Amino acid sequence: MSQSIYGIDLAKHSFSIHGEDHHGKILIHKTITRSKVLVMFANIPPAIVGMEACGASHFWARELAKLGHTPKIMASKYVAPFRTGAKNDLNDAVAICVAVTRPSTRFVKIKSPEQQAILFLHRARDNWVHERTALLNQMRAMLAEFGIIAPKGRHALQTAIPEALEDGKNQLPDLARAIISDSYEHLLSINQRIADQEHCFNMLVSRSHNAQKIMKVAGIGPITATAVIASIGKGEQFDKGRDFAAWLGLVPSQYSTGGKPRLGRITKKGDKYLRTLLVHGARAVISAIGNKTDRLSLWCKSLVERRGFKRAIVALAAKNARIVWSLLSNDTEYQPI
């Protein structure tokens, strides 16, 4: 490796940098301010620059790439084994410099600004959905305090709340009625925000051939399709579909020794959000099988009978992950089985 190697410990204001040439000679080992980072890298020959994955890592990777360097982002778990001495920023930079050269280190694909923006939309929607759930649970509890038991389900509860507010015969005090009324108005505004964001997903899908292509897979909708493409692009960072499924945590954990394989539950490593979307999509597909006789439905029915409902859901989610990777990586069209 003829290029020099640098490890940079990212932060808000102070950045610790350690650099070595291809002979192992130390080129730099110090902490500099944020404003001097790009100036320093603009005045050195093209090099490999390693950094841990964090909130700003994709921004710095893009900026360093513009200067001709080769940025590499890795998860912190690949850095920790190479840290020696105390835990501090400079020692972290040294560990990053070592980890970036190891063949077993797996790197994060650098995201474009557009990919990050789409993921922002997903995070915003996820936040609103969580807030809506919390608000509904709070209003359900408030009504229960006064003997008003709302029916199960979000839509049923949203219908029951106005009825309870308009019922003058129940025991709701005026103050409680006003608080629940304000909460209900906030709920309606959250519903509108979520609806607007889902409209954005539909617009993104209409402009993306890859999203339209993977939506042909059972259990993949606009939200899942845009999340996959924004997260992995065309999936070049994975050698095969199983690697993508493993990255999502949808493969069995392994504890094998003495030549005897032992497989356990799924690892649940990697991207929790994507895994959740795929699992929910698979659950919807299996729940709606009914009397369908296509090959996928028959396969799912057989799996449910042999392994149970929940295992079948995870198996279909893993299967969909492999299919999606194949469609994106090989640029092929989906052919239903």
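All of these numbers come straight from a predicted model, not from anything done at the bench. Nothing fancy with the numbering, it's 1 onward along the sequence.
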Heavy-atom closest contact (Ser256 atom, Pro261 atom, distance): OG-CA, 3.1 Å

Can you find a pair of side-chain heavy atoms, one from Met74 and one from Val108, that are under 4.5 Å apart? no

Tyr6/Phe41 aromatic ring centres below 6.0 Å: yes

Would you call Lys234-Asp331 a salt bridge at under 4.0 Å N-O? no

Does either side chain, that of His18 or that of Glu20, offer a donor lying less than 3.5 Å from an acceptor on the other one? yes

Measuring centre to centre across the rings, with the benzene-like ring taken for any Trp, is His122 within less than 6.0 Å of Phe201? yes

Quiz question: by atom type and distance under 3.5 Å, do the side chains of Ser14 and Thr31 form a donor-acceptor pair? no

Walk me through whether Gln3 and His69 qualify under side chain to side chain donor-acceptor pair (under 3.5 Å). CA-CA 10 Å; Gln3 284 184 306; His69 299 292; over 6 Å; no

Donor-acceptor pair, side chain of Ser208 and main chain of Leu204, under 3.5 angstrom: no

What verdict does the ring pair (Phe, Tyr, Trp, His ring centres under 6.0 Å) test give for Trp325 and Phe238, after you've listed the backbone C-alpha separation in whole Å, the side-chain angles of each residue and the deciding distance to 0.1 Å? CA-CA 9 Å; Trp325 176 87; Phe238 303 106; 7.8 Å; no

CG on Leu27 to CG on Asp21, rounded to 0.5 Å: 5.0 Å

Quick check against the 3.5 Å criterion: does Asn127 have a side-chain atom that pairs as donor or acceptor with the backbone of Arg123? no

Scan side-chain atoms only and decide if Arg322 and Ser326 contain a donor-acceptor pair under the 3.5 Å cut-off. no

Arg275 side chain vs Ala317 backbone, donor-acceptor pair below 3.5 Å: no

Under 4.5 Å between side-chain heavy atoms, chaining through other members, with only Ile, Leu, Val, Met, Phe, Trp and Tyr counted: pull out the rest of the cluster around Leu119, sorted by chain and number. none

With a 3.5 Å distance limit and no angle check, can you tell me whether Ser57 reaches the backbone of Cys54 through a side-chain donor-acceptor pair? yes

Just verifying a value: how many Å separate Gln212 CD and Glu333 CD, rounded to the nearest 0.5 Å? 9.5 Å

Counting only N and O atoms by type, is there a donor-acceptor contact under 3.5 Å from the side chain of Ser231 to the main-chain atoms of Val228? no

Taking the cut-offs as 6.0 angstrom to the six-membered ring centre and 45 degrees off its axis, would you call Lys216 and Tyr334 a cation-pi pair? no

To the closest 0.5 Å, what do you measure between CG (Asp9) and CG (Asp89)? 4.5 Å

Between the side chains of Arg193 and Asp196, is the shortest nitrogen-to-carboxylate-oxygen separation below 4.0 Å, so that they form an ion pair? no

Quick check for you: to the nearest 0.5 Å, what is the distance between Phe244 atom CZ and Asp239 atom CG? 14.0 Å

Short question: side chain of His58, backbone of Lys111 - any donor-acceptor pair under 3.5 Å? yes

Mark yes or no for whether Glu52, through its side chain, and Ile73, through its backbone, hold a donor-acceptor pair below 3.5 Å. no

Would you say the side chains of Asn170 and Arg177 form a donor-acceptor pair under 3.5 Å? yes

Return yes if a side-chain donor-acceptor contact under 3.5 Å exists between Asn191 and Gln158, otherwise no. yes

So, the side chain of Asn320 versus the backbone of Ala218: is there a donor-acceptor pair under 3.5 Å, distance only? yes

Ile232 side chain reached by Leu328 side chain, heavy atoms, under 4.5 Å: yes

What I'd like to find out is whether the side chain of Thr84 reaches to under 4.5 Å of the side chain of Val94, using heavy atoms alone. no

Listed by chain and number, what are the salt bridge (charged side-chain N to carboxylate O under 4.0 Å, His left out) partners of Arg140, not counting sequence neighbours? none

